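Predicted model, so just to flag it, every value in this text is computed and none were measured. Only heavy atoms go into these numbers, but all of them, side chains included; no hydrogens, no water, no symmetry mates.
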Amino acid sequence: MRLSPLNRRRLAIFCQHRRGFWSFWIFLALFLFCLGAEFVANDRPLIISYNGKHYFPVLFDYSEDTFGSEFLPTEADYTDPDVQKAINSRGWMIWPAIPFSYNTSVKNLSSPAPSPPDWRNLLGTDDQGRDVLARVIYGFRISVLFGFSLTAISSIVGIAAGAVQGFYGGAVDLLFQRFIEIWSGMPRLFLLIILGSIITPGFWVLLIFLLVFSWMSLTGVVRAEFLRGRNLDYARAAKALGVSDIGVMWRHILPNAMAAVLSFLPFTLSDSVTVLSTLDFLGFGLPPGSPSLGDLVAQGKNNLQAPWLGITSFVVLGGVLTLLIFIGEAVRDAFDPRRIPK
């Protein structure tokens, strides 16, 4: 697909922004790496060869009696020395680089949990004996996926709402603005506490709850662009030729409004990642035991005698937000019409 001259100019400006360009590739590499968390950090082998047959525990569940009639027909525990001995006697296993999942309790620690970093647990363990590096990998994935989902859905709703406000104006705009002012003043944290007392919040429950309030972040920007664009000559000409309101909004005004929207998206994404970490830190986020960057921050606060927990949470969260801010700066410069590529 060939890019238009305008998009080629924007891409050139983005690439010239060195911080944003390299931050984009670093963030993309980290995200793709963590997408395959099960293949990197898991308490199940990647491949098992037993009696000439191959098994893939990382993808499928097998019962223990698959690897010997002396075992029970229950789900196999591959950390059990007896199971490992039975498999190795008639085959072999290939383990992930980190032989622990996010909820694996590490056995035979060198010191009581939380234990300091060593060659077995590169970032140490938390106060429940779980490998911190494994929880960081899984927590990074779920935080970024939550941020992407919340940003994408809230942006679609917010753009649609802002487009209707700006295009029709008048009473529609006035009533919508009053509704947004009232709705934005709702005490979200108190409502979440009430919700948490009724049901156990999960990924989708939190996503829907935060979506109810976060869609307003882009509405003002889109509304302003549509208020300006609806009075321009090309929009008036399209309406005079009989193009429907939706056609004018979608084909003529929205492409010009997207320049401002795309400049805000990386910052919106960083806010979405932060809000989940904040809720997990306060105890109103994902269910207990879930891999979360906010839970890691809480671990650092509750275990000041284990500084590696606080340092790890600070570096991971600070690094993610820094990368997203640098990417946002590069995108903002790319869509700035005053910028000229060198």
Side-chain angles (χ1 to χ4, degrees), residues 1-15 17 20 24 145-181 183-184 207-208 210-273 324-325 327-341:
M1 183 178 65
R2 297 183 60 183
L3 297 176
S4 64
L6 177 60
N7 288 329
R8 286 201 300 268
R9 168 185 168 277
R10 290 170 175 170
L11 181 60
I13 295 175
F14 179 84
C15 294
H17 194 289
F24 170 77
L145 287 177
F146 184 90
F148 276 140
S149 302
L150 181 60
T151 301
I153 301 174
S154 63
S155 296
I156 293 173
V157 177
I159 290 171
V164 171
Q165 276 188 265
F167 186 80
Y168 291 105
V172 174
D173 184 29
L174 182 63
L175 293 175
F176 224 129
Q177 281 296 101
R178 300 293 81 77
F179 170 77
I180 290 177
E181 291 172 2
W183 195 245
S184 62
L207 182 64
I208 295 172
L210 293 174
L211 173 63
V212 171
F213 298 97
S214 61
W215 60 269
M216 296 175 286
S217 59
L218 293 175
T219 303
V221 178
V222 178
R223 170 180 172 270
E225 291 293 325
F226 270 76
L227 281 173
R228 181 179 62 87
R230 67 174 184 167
N231 294 318
L232 296 179
D233 292 340
Y234 64 85
R236 291 176 175 273
K239 292 198 68 173
L241 291 173
V243 180
S244 64
D245 290 348
I246 296 178
V248 174
M249 294 164 66
W250 178 260
R251 296 173 53 189
H252 299 284
I253 304 179
L254 182 60
N256 294 322
M258 287 303 294
V261 171
L262 290 174
S263 299
F264 280 92
L265 279 184
F267 304 103
T268 306
L269 176 59
S270 64
D271 290 340
S272 301
V273 173
L324 291 175
I325 293 300
I327 295 172
E329 291 178 350
V331 173
R332 181 189 60 196
D333 291 347
F335 283 90
D336 187 349
R338 297 170 296 180
R339 293 276 181 174
I340 301 175

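Applying the side-chain contact (heavy atoms from CB on, under 4.5 Å) criterion to Ile156, with sequence neighbours excluded, gives no partner residue. For the side-chain contact (heavy atoms from CB on, under 4.5 Å) test, residues two or more places apart in sequence or in another chain that qualify with Arg332 are Ser263, Glu329.
When every heavy atom of Leu150 is checked against every heavy atom of Ser272, the shortest pair comes out as CD2-OG, 3.7 Å. The two residues Met216 and Ser184 make their nearest non-hydrogen contact at CE-CA, 3.8 Å. Minimum interatomic distance between Ser154 and Ser214 (heavy atoms only, all atoms of both residues): CB-OG, 3.5 Å. The shortest heavy-atom contact between Val248 and Phe167 is CG1-CE1, 3.9 Å. Heavy atoms only, all atoms of each residue included: Ser270 and Ile325 are closest at OG-CD1, 4.2 Å. Taking both residues in full, the closest heavy atoms of Leu218 and Ser155 are given as CD1-OG, 3.4 Å, listed atom of the first, atom of the second, then distance.
Remark: the Thr268 side chain and the Thr151 side chain contain no N/O donor-acceptor pair separated by less than 3.5 Å.
Using a 30° and 60° split on the angle between ring planes, Phe14 and Phe24 fall in the perpendicular class, above 60°. Under the 30°/60° scheme for interplanar angles, the aromatic rings of Phe179 and Phe176 are found to stand perpendicular.
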Below 3.5 Å, can you tabulate the donor-acceptor pairs from side chains in residues 235-246 to any protein atom, sequence neighbours excluded?
| from | atom 1 | to | atom 2 | distance (Å) |
| --- | --- | --- | --- | --- |
| Arg236 | NE | Asn231 | O | 3.2 |
| Ser244 | OG | Gly247 | N | 3.2 |
| Asp245 | OD2 | Tyr168 | OH | 3.2 |

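Taking CG from Leu11 and SG from Cys15, the interatomic distance works out to 4.5 Å, rounded to the nearest 0.5 Å. The CG atom of Asp173 sits 5.5 Å away from atom CG of Leu227, with the distance rounded to the nearest 0.5 Å. Atom CD1 of Ile13 and atom CZ of Arg9 lie 4.0 Å apart (nearest 0.5 Å). Considering CZ of Arg251 and OH of Tyr234, their distance stands at 13.0 Å, rounded to 0.5 Å. Leu210 CG to Ile153 CD1: the interatomic distance, rounded to the nearest 0.5 Å, is 11.0 Å.
Put simply, the residue from Val164, Val261, Thr219 that forms a side chain to side chain contact (heavy atoms under 4.5 Å, CB included) with Ile159 is Val261.
No side-chain heavy atom of Glu225 sits less than 4.5 Å from a side-chain heavy atom of Ile253.
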